[in-house]
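For ligands, and for the atoms within them, numbers begin at 1 and follow the listed sequence. All values below were derived from every heavy atom in this structure, side-chain atoms included, with hydrogens, water molecules and symmetry-related copies excluded. All values derive from a computational prediction rather than experimental measurement.
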Amino acid sequence: MKTVIKNISELIQTETTPRKWVAGKDMSNISTIKDAFVEVENGIITSFGSMDEWNGIEDWNNTDIIDAEGGMVFPTYCDSHTHLVFAASREGEFVDRINGLSYAEIAQRGGGILNSAEKLQNASEDELYEDALNRLNELVQMGTGAIEIKSGYGLTMDAELKMLKVIKRLKENTDVTIKATFLGAHALPKEYKDNKDGYMDLVINEMLPKVADEKLADYVDIFCEEGYFTVEDTKRLLTAANKYGIPSKTHVNQFNAIGGVKASVDLGALSVDHLEEMADEDYTALQNANCMPTILPSCSFFLGIPYGPAVKMMEKGLPVALATDYNPGSTPSGNMNFVASLGCIQLKMTPEQVINATTINTAYAMGVEKELGSICIGKKANLFITKPIPSYAYLPYSFGHNVIDKVMINGKFQ
Ligand code: NIG
Ligand code: FE
């Protein structure tokens with residue numbers, strides 16, 4: 001069955017040859033086609049162009065025609081950093097922060113990641129799956145067509161495997177493109193309070209081999225931060241993961257720049273994420289690397305911490321990706337439209353830069369740039385149709401509103 005979407009006022013982020021990523025000055029450009037059509041067959045984009053070039057319908061019995069009625073078509077967002085699987089919200093900590101406690105103080109009192117871990121350890125796989133599926137369906141309606149999901153609220157062998165199995169079920173039962181990341185080194189469990197090396201041994205020598213053996217993770221991750229895991233821990237984990245052929249995506253520079261960027265880049269990380277605090281050597285490490293710097297502006301918004309220096313990165317010729325960080329503690333939102341708005345409003349990126357940062361560059365950051373991230377013949381038909389809007393800048397401009405009308409994943413409207 002073919003689907004043709006016609007009368008698209010503007011088709012956004014078209015590509016003739018798939019690119020690896022978009023970096024530096026190039027981030028200011030996107031290709032678009034006004035008054036356009038897109039043709040989709042078997043879940044894949046087979047043709048696109050201006051309405052003048054459209055050949056019309058060859059087989060009426062085998063073609064669905066969708067009239068975009070003046071809406072625009074964008075490739076769906078790729079959200080390359082989330083913690084979508086969790087057992088409970090943490091609005092109590094949100095209120096504690098309003099009343100003056102910091103994120104670090106809450107964590108020291110046993111809140112934060114350990115609070116989520118306790119709840120998750122007591123939840124069943126089925127409950128976690130149902131909740132995560134509901135969240136995912138909500139995100140799809142907001143334009144997300146690919147998502148990376150981390151473990152890291154288990155912190156025991158059983159609970160980490162339980163999380164990764166939930167992610168595997170989401171992969172198997174939805175059309176969304178999903179990548180799983182093993183984040184056993186997210187926080188030190190209470191039982192290992194004075195024995196960090198013991199916990200790292202458990203993560204590296206017991207959890208990682210099992211995760212690799214059961215093929216439950218596409219990537220590994222570690223929270224490299226003061227009070228969590230060190231640069232040495234990061235090197236140890238990434239070296240071990242590389243031996244299993246599992247690349248990494250790391251949490252670095254959220255509160256302090258302690259050298260996690262260089263350690264990650266040196267060990268071949270696909271992305272380094274957060275980057276609210278950047279030292280000169282972090283930029284140097286990223287030059288000429290194959291690692292995607294990924295900023296998570298909704299986390300900065302929610303915690304009131306600095307925003308990552310997107311403009312400076314682009315001035316230095318680097319690519320920039322923007323993802324949500326959806327999790328119950330630091331970012332209880334998986335809305336990529338809001339990320340796009342924050343990219344413009346707080347990071348001072350242009351709408352074109354934000355579109356590149358949330359599609360093609362996040363596709364790279366989750367290893368799917370050959371199949372997603374743009375409107376390109378041969379890529380997956382993951383796209384959304386907007387309500388009629390005056391220009392593509394209207395999308396990040398109209399923050400808090402939903403301008404998305406229909407979402408197609410693998411050629412199917414959701
Ligand atoms: O990316 N920084 C580490 N991990 C998450 C927050 C986890 C939590 O607070 O539950 C993040 O912000
Ligand atoms: Fe995160």
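Near N327, meaning under 4.0 Å from one of its heavy atoms, ligand 1 places the atoms 5 (C), 6 (C), 7 (C), 8 (C), 9 (O), 10 (O), 11 (C), 12 (O).
Nearest non-hydrogen protein atom to atom 2 (N) of ligand 1 is Q254 OE1, 2.6 Å. Nearest protein heavy-atom contact of atom 11 (C) of ligand 1 is D325 OD2, 3.1 Å. S330 OG, 2.6 Å is the protein heavy atom nearest to atom 12 (O) of ligand 1.
Excluding waters, the count of protein N/O/S atoms less than 2.8 Å from the Fe ion (ligand 2) comes to 4.
Taking all heavy atoms of E93, K150, H274 into account, the minimum distance to atom 1 (O) of ligand 1 is reached by H274. Closest heavy-atom approach to atom 8 (C) of ligand 1 within the set Y103, F302, F223: this belongs to Y103. The heavy atom nearest to atom 5 (C) of ligand 1, considering only E276, R90, H186, is found in H186. In this comparison of F86, F255, Y153, the heavy atom closest to atom 10 (O) of ligand 1 sits on Y153.
Taking the six-membered ring where the residue is Trp, F302 and F94 present parallel rings, their angle staying beneath 30° rather than reaching 60°. By the 30° and 60° cut-offs, the orientation of the rings of Y326 relative to F86 is perpendicular. The aromatic rings of H83 and H251 lie tilted to each other, with the angle between the two planes from 30° to 60°.
Between K162 and E125 no salt bridge is recorded (no basic side-chain N to carboxylate O distance below 4.0 Å). Here E148 pairs with K150 in a salt bridge; the nearest charged N to carboxylate O distance falls below 4.0 Å. By the 4.0 Å N-to-carboxylate-O rule, K171 lies close enough to D218 to be salt-bridged with it.
K6 forms no cation-pi arrangement with F37, by the criterion of a distance under 6.0 Å to the ring centre and an angle within 45° of the ring axis.
The N/O atoms of S116, backbone and side chain alike, include none that comes under 3.5 Å of an N/O atom in ligand 1.
Looking only at side-chain heavy atoms (C-beta outward), Q254 and L303 come within less than 4.5 Å of each other. Within the 4.5 Å cutoff, the side chain of M408 has no heavy atoms near those of the F384 side chain.
Side-chain contact annotation: Q13 with S374, donor-acceptor N/O pair under 3.5 Å absent. Residues S89 and E91 have side chains that bring a donor and an acceptor to within less than 3.5 angstrom of each other.
At a heavy-atom cutoff of 4.0 Å, ligand 1 is contacted by no atom of E225, backbone or side chain.
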